[in-house]
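Everything on this sheet refers to the single structure shown next.
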Amino acid sequence: DSLYLNTSLSIKQNNGYFYFGWTGKRNGINKVAQFQALRLDGTKLFSDGSIQVGNQPLNGTIVHPLEENRTAFIYYSSDFLPDSLLVQTYDTSGNKIWNEDGILIAHPPIEYRSYTTDGNGGFIIGGVINNFTIVAQQVSKFGQLGEIITEIKDEAKNNIPTETTLYQNFPNPFNPTTTIKYDRPPSLNLSKGGTLVKLIVYDILGRRIKVLVDEVQQAGRYEIQFNASTLASGVYFFQLIADQFISSKKMIFLK
């Protein structure tokens, strides 16, 4: 099948093979994430055609070499969840190493990404999730999520915000803890010495699960840890209420 014009093409060498990853037409279906590998003599590693990565439709297939004759493929998916970033690994026979659907590493996706191996058959992705946080998400060679979070310098964090902002939690999905951040500008009602702020977690049915914040707060940037170890896996929502500001975001707990 032919590729789409202007499709992104990722090429990396790993263990004597050249891996090509792209999104295009396969078996008559459009927008399929897939890959193929060539030997040094130009012959195909997979003689029956390209290997499909995940379920279609998908966008982009980024190739990254790993140890132990494994190769990681990073791709966007709107099938699993809107704007999700996933990773899957394959061996040189085209067999999946991790679970059938791949590993969900970021929702929404990490921006300005870079990739590396963890040196032990696993995978690390780094990038930006908002204006104040640089993050790195790890997947071990067994397909288990880990995390490394690197903050920007303290002096930048201490800048007084000019507006109320609720950020997406990280990591997301998470197990069992995640971080929720939000900004608060100076209070419009100075007689109160601050603003009454509430941060509440709800389940998918709208039932209140936990009140994380319910207090008067001064202007600043806040960071709250949420532990869901006693909850069932699933989709949850967190809502910030301050002055006339109300904002909610979705998070995913995966045991």
Side-chain angles (χ1 to χ4, degrees), residues 76-78 80-86 104-114 125-138 145 147-228 231 234-254:
Y76 288 105
S77 173
S78 58
F80 187 89
L81 283 171
D83 298 322
S84 299
L85 191 65
L86 296 94
L104 181 60
I105 51 177
H107 173 69
I110 298 171
E111 301 295 332
Y112 309 108
R113 301 171 304 279
S114 60
I125 177 174
V128 177
I129 58 171
N130 56 52
N131 292 332
F132 311 109
T133 308
I134 299 171
V135 301
Q137 175 70 66
Q138 181 211 17
L145 282 176
E147 65 171 292
I148 306 168
I149 301 178
T150 304
E151 303 287 352
I152 64 173
K153 295 180 179 180
D154 288 340
E155 54 265 31
K157 292 175 63 178
N158 292 332
N159 293 337
I160 300 299
T162 59
E163 62 181 6
T164 302
T165 304
L166 176 64
Y167 297 101
Q168 185 66 49
N169 65 301
F170 185 85
N172 188 38
F174 65 97
N175 179 25
T177 60
T178 189
T179 300
I180 300 173
K181 296 183 179 182
Y182 59 91
D183 293 347
R184 289 290 306 125
S187 174
L188 299 177
N189 190 343
L190 298 180
S191 63
K192 292 183 179 180
T195 299
L196 177 61
V197 176
K198 295 185 178 183
L199 181 63
I200 304 170
V201 177
Y202 297 90
D203 66 14
I204 197 169
L205 298 178
R207 295 175 296 198
R208 181 179 296 189
I209 299 299
K210 188 175 182 62
V211 177
L212 300 177
V213 177
D214 187 3
E215 63 185 21
V216 174
Q217 293 182 338
Q218 301 293 331
R221 297 196 163 104
Y222 293 85
E223 179 177 313
I224 307 298
Q225 299 293 319
F226 174 55
N227 189 319
L231 302 177
V235 175
Y236 293 87
F237 297 88
F238 56 100
Q239 183 180 70
L240 180 68
I241 304 173
D243 287 328
Q244 303 301 312
F245 178 89
I246 300 177
S247 179
S248 301
K249 293 186 180 295
K250 179 171 65 175
M251 57 183 172
I252 304 166
F253 176 40
L254 294 179

* Structure fact -> Taking every heavy atom of Asn172 against every heavy atom of Ile252, the minimum-distance pair comes out as OD1-N, 2.8 Å
* Minimum side-chain heavy-atom gap Thr164-Leu240 below 4.5 Å -> yes
* **Considering all heavy atoms, the nearest Gln239-Ile246 contact** => NE2-CG2, 3.6 Å
* Could you go step by step and tell me if Thr195 and Phe245 meet the side chain to side chain contact (heavy atoms under 4.5 Å, CB included) rule? -> CA-CA 11 Å; Thr195 299; Phe245 178 89; over 6 Å; no
Distance-only donor-acceptor pairs under 3.5 Å for side chains of residues 196-209, two or more places apart:
from	atom 1	to	atom 2	distance (Å)
Asp203	OD1	Leu205	N	2.9
Asp203	OD1	Gly206	N	3.0
Asp203	OD1	Arg207	N	2.8
Asp203	OD2	Arg207	NE	2.6
Asp203	OD2	Arg207	NH2	2.9

* Roughly how far apart are Ile125 CD1 and Leu85 CG, rounded to 0.5 Å? -> 4.5 Å
* **Non-hydrogen side-chain atoms of Thr165 and Tyr167 separated by less than 4.5 Å** => yes
* Structure fact -> So CE of Met251 and CZ of Phe237: to nearest 0.5 Å the spacing works out to 9.5 Å
* Could you list the residues that satisfy ring-ring contact (aromatic ring centres under 6.0 Å, His included) with Phe174, not counting sequence neighbours? => Phe253
* Taking all atoms of both residues into account, what is the closest heavy-atom pair of Leu166 and Lys181, and its distance? -> CD1-O, 3.8 Å
* **Gln225 atom CD: more than 12 heavy-atom contacts under 6.0 Å** => yes
* Asked: Around Lys210, counting heavy atoms of other residues, nucleotides and ligands shown, do more than 12 lie under 6.0 Å from its NZ?
  -> no
* Is the side chain of Thr178 donor-acceptor paired with the backbone N or O of Phe170 at a distance under 3.5 Å, no angle test? -> yes
* **Heavy-atom side-chain proximity of Pro185 to Thr162 below 4.5 angstrom** => no
* Asked: Asn169 side chain to Pro171 main-chain N or O, any donor-acceptor pair under 3.5 Å?
  -> yes
* So Gln217 and Tyr182, side chain to side chain contact (heavy atoms under 4.5 Å, CB included) or not? Walk me through it. -> CA-CA 12 Å; Gln217 293 182 338; Tyr182 59 91; 2.8 Å; yes
